[in-house]
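One structure is given here, and the rest of the page talks about it.
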Amino acid sequence: MANLFFSLPSFGFQACTNSSKHLKSFLASPHEHHKRSLSVYASASTSSSPINVEYLETEFSGHGASFAGLGEGCVVKMKTENGSAARLMLPSGLITSYKPQMWHGGSMEVLHTSVSEGGDGGTVVRGGVSVGFKCETQEGQPWFPSNWSLYDVRGDSETSIEVELMCTDAQDKVEMRNIVTLQENLLSSELVITNWSSSNLLVMGSFVSHLTVSTPDAAYAIGLEGSSYYAKPPLTSKFSIIPPGYSQRKPTGSNQSWGQTVLGGFLSGWGSKEERINDTHPGDEEFSNAEIEEEEDDNYAHLTEKMSRIYTTAPRRFTVIDRGRRNSVTVGRSGLDELYIFSPGSTYEWYGKYAYICLGPSALLKPVVLGPEAVWRAAQHLHNPNL
């Protein structure tokens, strides 16, 4: 039986040396050579050498993207001609900023991030948009993507900028790519997983986007009326921003707290009902009906109270509006049936560390089963309707 709890690795500024020409050469090769070379490159890409920013500028200039060093890592900056901009970090792959143009003529930050000092004196960045997925073989061997290397940059600042990342610590039987696309009024993240093995691969997890708001009290979700959902504990990873003490009790029979697990309690779909941990604890009223499917009864759902849900029948597109900032974001998805939404509630400071709504297309209650030689695609789209 697969373990019901898993943890993502640390996403610090680990060094990563990029060699895009080498990577492209074996990706264009036949299947067997591809698998063998991918393993070799993944091992070489986690060395202690910093990212060569000058090389990236030379190799990928002219497509609307620029590069800046940050410690031993790198920041990829994208900007369209209308002024919309986005930034992502390497090797973590975390999108830390999305600033689309607004109705008032300026730009506005859509994503919420938190920067703090780590235990080793390094910088820890949380929030933004991250890809939190777990792959598990049919034999029960898990694998977690943690390091990303730049594979290609395509397009231009006039129409669309595409930054394609390749996971460098993938197993030799799994290929994972993350394609980040910036357009005038759209930021998309597309995950592409190829199963090169001869057996099934289970994929579980979620895109996780922290959308900044003035306060959850001013935030509303429009378009979810009639959608079914389960109340579940919040998804926790190295990129998650979770208020202190929020459902941090230890799961029964585990020495890990909710804050040390990823998708703690979300993975109940992997076992029989008798084997599930029920995802609740005495006094956790918001999760007391974790095994009961409920229905959203408001098409203009107020997000002022703390909540953590997985919607199983939500529409492919819905909108989050913030009356305090007078803006909105339309969230779309493809390839995933579930939707994760978490609100820390409105008991915190306006425009502060916990003024955000966390959401993302997900496969948390039911894993995606990827057959041998199969390719699976899933995407999240953050659309700006404010022009």
Side-chain angles (χ1 to χ4, degrees), residues 1-11 14 16 18-20 22-47 90-94 130-152 163-180 189-208 237-239 262-263 266-267 269-270 334-336 360-364 366-380:
M1 177 61 63
N3 186 8
L4 294 182
F5 296 95
F6 65 92
S7 297
L8 284 178
S10 175
F11 290 88
Q14 288 182 300
C16 174
N18 292 279
S19 177
S20 297
H22 174 68
L23 185 56
K24 291 179 183 178
S25 68
F26 72 71
L27 288 177
S29 302
H31 177 200
E32 290 302 320
H33 176 63
H34 164 80
K35 291 194 296 182
R36 181 172 59 254
S37 301
L38 181 61
S39 179
V40 172
Y41 183 79
S43 176
S45 297
T46 55
S47 68
L90 294 175
S92 66
L94 177 67
S130 60
V131 176
F133 284 85
K134 166 192 176 181
C135 296
E136 186 164 311
T137 65
Q138 198 164 283
E139 294 75 26
Q141 297 177 340
W143 167 69
F144 315 91
S146 60
N147 287 284
W148 299 89
S149 181
L150 185 64
Y151 169 61
D152 199 7
V163 174
E164 183 170 356
L165 309 179
M166 174 72 73
C167 187
T168 58
D169 51 5
Q171 293 183 347
D172 60 356
K173 294 183 179 180
V174 181
E175 174 189 302
M176 182 177 289
R177 305 189 192 199
N178 181 14
I179 304 171
V180 178
S189 297
E190 182 184 27
L191 188 64
V192 184
I193 300 178
T194 304
N195 178 19
W196 294 120
S197 71
S198 57
S199 59
N200 289 340
L201 182 72
L202 299 182
V203 181
M204 206 169 216
S206 180
F207 291 93
V208 184
S237 75
K238 290 296 182 180
F239 289 141
V262 174
L263 318 181
F266 280 131
L267 306 188
W270 285 37
S334 62
L336 289 164
S362 61
L364 298 172
K366 182 180 180 181
V368 174
V369 180
L370 194 58
E373 308 290 319
V375 179
W376 175 70
R377 295 174 177 267
Q380 172 185 262

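Just so you know, these numbers come straight off a predicted model, no measurement behind them. The figures that follow rest on heavy atoms only: side chains count, while hydrogens, waters and symmetry mates do not.
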Checklist entry - Would you call Val174 and Trp196 a side-chain contact if the rule is heavy atoms closer than 4.5 Å? => result no
Checklist outcome for this item: Closest non-hydrogen contact found for Gly335 with Trp376 is O-NE1, 3.5 Å
Item to check | Nearest atoms (heavy-atom pairs only) where Cys167 meets Ser146 | outcome: SG-N, 4.3 Å
Checklist outcome for this item: d(Met166 CE, Asn147 CG) to nearest 0.5 Å is 14.0 Å
Next on the checklist: Using only atom types and a distance under 3.5 Å, with no angle test, would you say the side chain of Ser334 pairs donor to acceptor with the backbone of Ala378?
Outcome noted: no
Checklist entry - Of all heavy-atom pairs between Gly360 and Ser206, which one has the smallest distance, and what is that distance? => result O-OG, 3.7 Å
Next on the checklist: One pair to check against side chain to side chain contact (heavy atoms under 4.5 Å, CB included): Arg177 and Glu164. What are the steps and the verdict?
Outcome noted: CA-CA 7 Å; Arg177 305 189 192 199; Glu164 183 170 356; 2.7 Å; yes
Item to check | Side-chain touch Ile179/Leu165, heavy atoms, less than 4.5 angstrom | outcome: no
Checklist entry - Do the non-hydrogen side-chain atoms of Asn178 and Ser189 ever get within less than 4.5 Å of each other? => result yes
Item to check | Heavy-atom side-chain proximity of Ser237 to Phe144 below 4.5 angstrom | outcome: no
Checklist entry - Got Leu191 and Phe133 here, is their nearest side-chain heavy-atom distance under 4.5 Å? => result yes
Checklist outcome for this item: In short, Asn200 meets Pro372 closest at the heavy-atom pair OD1-CD, 3.5 Å
Item to check | Which atom of Trp148 lies closest to which atom of Leu90, heavy atoms considered | outcome: O-CD2, 3.7 Å
Checklist outcome for this item: Looking only at heavy atoms, the pair that brings Met204 and Ala363 closest together is CG-O, 3.0 Å
Checklist entry - Checking side chain to side chain contact (heavy atoms under 4.5 Å, CB included) against Cys135, which of Leu202, Leu370, Ile193 comes through? => result Ile193
Item to check | side chain to side chain contact (heavy atoms under 4.5 Å, CB included) evaluation trace for Met176 with Trp143 | outcome: CA-CA 11 Å; Met176 182 177 289; Trp143 167 69; 3.7 Å; yes
Next on the checklist: Test your reading of the model: is there a side-chain donor-acceptor pair from Asn195 to the backbone of Gly371, 3.5 Å cut-off?
Outcome noted: yes
